[in-house]
Structure formats: C-alpha cells, structure tokens
Undergrad: 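Here's a structure for you.
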Amino acid sequence: MVDSKKQRVVAIDGYSSTGKSTIAKGLASRLGLVYIDSGAMYRAVAYYALENGLISDDGKINTEKLYDALDTIEIDFHFNSETGKSETLLNAENVENQIRTPRVAAVVSEVSALSRVRSFLVFQQQKMGEKGGIVMDGRDIGTVVFPHAAVKIFTTAAEDIRVKRRFDELRSKGDSSDMESVRENLLHRDHIDENRADSPLRRAEDAIVLDNSQMSMDEQLEWAVRLVQDRMA
Ligand code: DC
C-alpha cells in the first residue's frame, strides 16, 4: 500500500559486503530508479584527504584542514554508457577505481565518523533524493538521511561469507590482499561504523532485515522487487 507521507525512496543499509550495492543496482535497473552509492561519497572524501596529505602515515586525520577543504570538494556520479556502470567524480576527476582500493578502505571509516563530513554529505544526499525515485545504500540512509523512505532494507550475512565476497571482489580487481587482512579491515570498519557517536550503523525500526547468507543474487532481487512494488506502486 502506498503511504502518501512516505518518500519514494528505497533505503538500503547494512554491514560492509552484505550485498547492498548489488541489490540497489538491480532494483534501479529493474524499476527505473536512480542508484546512489553513498559509501562512494565517503570514500571520495577519504581519497581527497589522502591525496592532499591530510592523513598521516599513522592514520591521524588533520580534521581542521579537511573541514576547511570541504567546500571545495564536489562529488558527482556519471553514467558510463560503455561499461553500463556509474562512476564517481571528485572535482570532475573520475576516481571510481582509486576509491575502491585497500588504501582508501583502511581510512574511510575514520573519515566518515567525523560529524562535519557527515553533515556535508548528508545534505547533498537529501538533495539528490528530493524528487524521489531513488535507491540509496549506506549505513544511515533509513535512520538519518531518509527517515521517511517508503522502503527500508537492512542487509546482513554471515561473517565468513562476507569476507569471502570482499576477498573475491578484490581479487577480481587484481588486488592480492590475503583473506585475514580482508577480514581484519571488514571487522574494523564494522566496529567503527557501529560505534561512532554520530549516526552509527543501526537498523531503522521499520527496516526489513534481509539475511542473504544463503540466497542467490536472483532470489534477493526478486524479493526486493516484490517489496518495492508493494510499497511504492
Ligand atoms: O559501503 P562502503 O563500504 O563503500 O562504505 C565505505 C565507508 O563509508 C564505510 O566504512 C562506512 C562509511 N559510510 C557511512 O558512514 N555512511 C554511509 N551512508 C555510507 C558509508
């Protein structure tokens, strides 16, 4: 049933490597929604900080300089018709590959725990969703960015399965990180995402949990399509 007070937004939250973006992309292409990867925006800010010497080798972030720089940071998405994929632009430079590296993964949770980084990006995410018709994935989409989203999904999966998914993804990109360092980074990020003071990762009360440990991609997508069609018809 459509609830007129709800925004025509699908919010997908969950731990790292629980298949949020795969479901979100599938929903976008099946239902003609625009997909927005909010994690890519945090990754782009983390990449900017690394490239501009705002994070020291021991991981300390120069928050004052980063906050000063926020107004000069522009993040956009553009659709590459050759690959059929969306790409992240940082100040007009295509950084899609650079933001997916272990180097960025190692610092992104610390960067995204900073309140001013969050408010800067949440404002932009809310603007992107003003007209509805979007599916956005992240950690605080159903709780903070779109508390009135018509559909909220919270994804989860067994730890070993998540580690294997992330490991395979990195391998397919030519990265040679071993399984244990992948596990360490994943659990480290979960810990920070769940325990930060500002908008920690939580299941929204009205979010539906999808444990996809034992589900194929097709099964998950069919489940999600039915849910969205029912709530956003
Ligand atoms: O979804 P991802 O792994 O690309 O996200 C990268 C990091 O960004 C993740 O460790 C937590 C953070 N993030 C966040 O704090 N809030 C969001 N809405 C999305 C991502």
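As the structure lists them, so they are numbered: ligands from 1, and atoms in each ligand from 1. We count residues from 1, following the sequence as given.
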Undergrad: Between Arg166 and ligand 1, find which residue part has any heavy-atom pair under 4.0 Å and reply side chain, backbone, both or neither.
TA: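 Under 4.0 Å from ligand 1, Arg166 contributes no heavy atoms.
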Undergrad: Restricting to non-hydrogen atoms, name the atom on Arg116 and the atom on Tyr67 that form the minimum distance, rounded to 0.1 Å.
TA: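 Reported closest heavy-atom pair: CB-CE2, 3.4 Å.
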Undergrad: Measure Arg43 to ligand 1 on non-hydrogen atoms and call it side chain, backbone, both or neither using the 4.0 Å cut-off.
TA: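 The part of Arg43 near ligand 1 is the side chain, not the backbone.
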Undergrad: Considering only heavy atoms of Tyr42, which atoms of ligand 1 have at least one such atom less than 4.0 Å away?
TA: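 Taking each heavy atom of Tyr42 in turn, ligand 1 has 8 (O), 13 (N), 14 (C), 16 (N), 17 (C), 18 (N), 19 (C), 20 (C) under 4.0 Å.
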Undergrad: Nearest non-hydrogen contact with atom 9 (C) of ligand 1 belongs to which option: Arg139, Met41, Gln125?
TA: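 Nearest heavy atom to atom 9 (C) of ligand 1 lies in Arg139.
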Undergrad: Going by the side-chain hydrogen bond (donor to acceptor under 3.5 Å, both in side chains) test, name the single residue among Ser109, Ser112, Ser199 that passes it with Asp193.
TA: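 The option that passes is Ser109.
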Undergrad: Main chain of Ala105, side chain of Asn185: is a donor-acceptor contact present, judged purely on distance under 3.5 Å?
TA: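 Yes; judged by distance alone, with no hydrogens or angles, the pair exists.
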Undergrad: My understanding is that we take every heavy atom of each candidate and find the minimum distance to atom 18 (N) of ligand 1. Doing that for Val107, Ile12, Asp140, which one comes out nearest?
TA: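 When every heavy atom of Val107, Ile12, Asp140 is considered, Asp140 comes closest to atom 18 (N) of ligand 1.
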Undergrad: Under 4.0 Å, heavy atoms only, figure out whether ligand 1 is touched by the backbone of Arg189, its side chain, both or neither.
TA: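 Side chain only.
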Undergrad: Between Lys152 and Glu205, is the closest basic N to carboxylate O distance under 4.0 Å?
TA: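 No, no charged N to carboxylate O under 4.0 Å.
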Undergrad: What atoms in ligand 1 come closer than 4.0 Å to a heavy atom of Gly138?
TA: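 Going through ligand 1 atom by atom, the ones under 4.0 Å from Gly138 are 17 (C), 18 (N), 19 (C).
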Undergrad: Go through ligand 1 atom by atom and flag the ones less than 4.0 Å from a non-hydrogen atom of Ile141.
TA: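 Numbered from 1, ligand 1 contributes 18 (N).
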Undergrad: Give me the nearest non-hydrogen protein atom to atom 10 (O) of ligand 1 as residue plus atom name, then the distance to 0.1 Å.
TA: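 Nearest protein contact, heavy atoms only, for atom 10 (O) of ligand 1 is Ser109 OG, 2.8 Å.
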Undergrad: Quick one: which ligand 1 atoms are inside 4.0 Å of a heavy atom on Asp193?
TA: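 Reading through ligand 1 atom by atom, the close ones are 9 (C), 10 (O), 11 (C).
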